[in-house]
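Just so you know, ligand 1 is whichever comes first in the structure, and atom 1 is the first atom listed for that ligand. This one's a predicted model, so the numbers in the text were calculated from it and none came from an experiment.
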Amino acid sequence: MPFGLLKKRRFRHRLVRAILASLLCILLGLISTIWQAASNLKLTTHIRMMNARQLVENTLDSANHAASVVKEHLGNPCLEPVELQLRMQVAYSQDVRSVNLVRGNKIYCSSLYGNHEENIHVDGYTNGMLYLMSDTLIRKGQPLIIYRMVVGNDSIVVRLYGDHILSELNVMSINLPLGLAVGNQQWQAHAVPPFSPDMPGYLELASARYPFRIVAAIAPADYAHYFWVFSRFSLIAWLLLATIIGCAVFRWSGRLITAEHELREALELQEFIPYFQPVVCGETTHWTGCEVLMRWSHPTLGILPPDSFIPLAENCNLIMPMTQALMIQVRKQFVPLAHLLPKDFHFAFNISARHFKDFNLVEDCRVFIQAFSSNPIRLVLELTERELLVADDTTERLVAELHKLGVLIAIDDFGTGNSSLKYLQNFNVDALKIDKSFVSNIGIDAHSVHIIDNIIDLASRLNLQTVAEGVENEAQATYLKEHNVTFLQGYLYGKPIPMEDFARQFYS
Ligand code: C2E
Ligand code: CA
Ligand code: CA
């Protein structure tokens, strides 16, 4: 078998295939893990932003509530009952640091200082409602959120502690910092630089109730970090899977598939070529035809004999297109020189049993015969018996159609297989081919000679022609001629030779 060698030749292809399969698997794994990690990061960030928005809204709700309660005192002088009300609001809510009544741009009554005057910069407030600042009076640097409720020309200003919101933002910002933006003011968790819309992966979530936004930015480095922290184990799993798949592909492509693939490739590249062996007339020993024998013209191994690839070609159903390709090559070569061929010259093709169920064979034979219509030839199909052919309606119709075309059918290697006689019974055949194993024993083994005598006798009773193959010496030839064998074939008359060499014989 050449396939052992072919396997070696294919080792590199198998390796490349295995590596490609592994890389594909890794690529798939990488894409799916990255996609999963990215969607997870986006989703968790969105959830955190929603939680942060809720937290700020809740804090501002306390301010809104406090302002609503003291609204009725707005415009009243800053006397003790009013101050008391203001202080009570501070006492009720842990977020509220101070509640202040404002006239125009000036605080005139404060829960902290009572009757107290302080200017506020209303223009800096976003939507006139919110402002972020650091405490400059009591605890310097402490973050404060200022909420302002406008009532006509007056307003209530509630100052809220910002530390609580900032520390919550810090907690929510594991792996990805969040920020609180009010207009163009901003607080960020973990003291990162301010977020801006031109940052890669910038995100914001606005509140529908207050003029603030929760902001964040998922930069490519954040994706990479998140991917490494949370998805590296799935990547390892994909790597393992890729290795397993690579090994499986390597093993699998080394099996029969490689050999079959090799045959298909060879067929495409027209590497199957015909060799020709002459068949001579038993009486005159003049050339009366030839047997077409397939060879594989292998690019590295040279000319390979049919025994090394035909059984596999039969197993993977490639024998039909291979034989068809052979018939085409023979037709193309010999039609132009058909006028030089002896009268009734025959071309014998070997046909495998399973090909004998395929009606394309009839079409191929029709095309072959018609191509020689101006100088008719005879077409012989040698039914080889490697596989058992079961006679049924299909084979019967096929044989009938072939006979209609004038195709002759011979049973190859007659007497070697256990179904030879059955074939005779079931098929309407025209000739028997005596195998070289019997011919080579002429003059050596009496049994073989008896078998030959019987085959010849059977053929003459059934009115069939006989062809003896493997004739190597004169003694064999003389015996076969004496027993009226119709045609002889063997090294004595010519070895199988390439088509061009065989064709050249007719030009000279
Ligand atoms: P086969 O049909 O019995 O063909 C005869 C074989 O005997 C050929 O071997 C031929 O080269 C060899 N031969 C002919 N004369 C002599 C001789 O005087 N002495 C010796 N020792 N051998 C001789 P080859 O070409 O190797 O073919 C082997 C087998 O492969 C064929 O046996 C046939 O069964 C099969 N085969 C060849 N070509 C085809 C094909 O196109 N299709 C199919 N299905 N089978 C083919
Ligand atoms: Ca044959
Ligand atoms: Ca034979």
>> Pairing donors with acceptors under 3.5 angstrom, does anything connect the side chains of D501 and Y275?
In response: no

> So is R295 close enough to ligand 1, meaning a heavy atom under 4.0 angstrom away?
Replying inline: yes

>> Tell me whether E291 reaches ligand 1 (any heavy atom closer than 4.0 angstrom to a ligand atom).
In response: yes

> Would you say P305 touches ligand 1, if touching means a heavy atom closer than 4.0 Å?
Replying inline: no

>> Just to verify, what does E396 make a salt bridge (Lys or Arg N to Asp or Glu O under 4.0 Å) with, not counting sequence neighbours?
In response: none

> Ignoring hydrogens and geometry, is there a side-chain-to-backbone donor-acceptor pair from S173 to L178 under 3.5 Å?
Replying inline: yes

>> Geometry only, no angles: is E472 polar-contacting ligand 1 at N/O separations under 3.5 Å?
In response: yes

> Does at least one non-hydrogen atom of D412 fall below 4.0 angstrom from an atom of ligand 1?
Replying inline: yes

>> Counting only nitrogen or oxygen atoms and a 3.5 angstrom limit, does E469 reach ligand 1?
In response: yes

> What N/O/S atom of D435 is the closest to the Ca ion (ligand 3)?
Replying inline: OD1

>> So N315 and E260, do their side chains get closer than 4.5 Å, heavy atoms only?
In response: no

>> Below the 3.5 angstrom mark, is there an N/O of I351, backbone or side chain, next to an N/O of ligand 1?
In response: no

> Listing residue and atom name, which protein N/O/S atoms are closer to the Ca ion (ligand 2) than 3.0 Å?
Replying inline: E291 OE2, N350 OD1, E382 OE1, D412 OD2

>> Checking S437 now: which residues fulfil side chain to side chain donor-acceptor pair (under 3.5 Å) with it, not counting sequence neighbours?
In response: D435

>> Rounded to the nearest 0.5 Å, what separates atom NZ in K481 from atom CD in E474?
In response: 6.0 Å

> Would one find an N or O of D435, backbone or side chain, under 3.5 Å from an N or O of ligand 1?
Replying inline: no

> For P194, what residues pass the side chain to side chain contact (heavy atoms under 4.5 Å, CB included) criterion, not counting sequence neighbours?
Replying inline: Q186, Q188

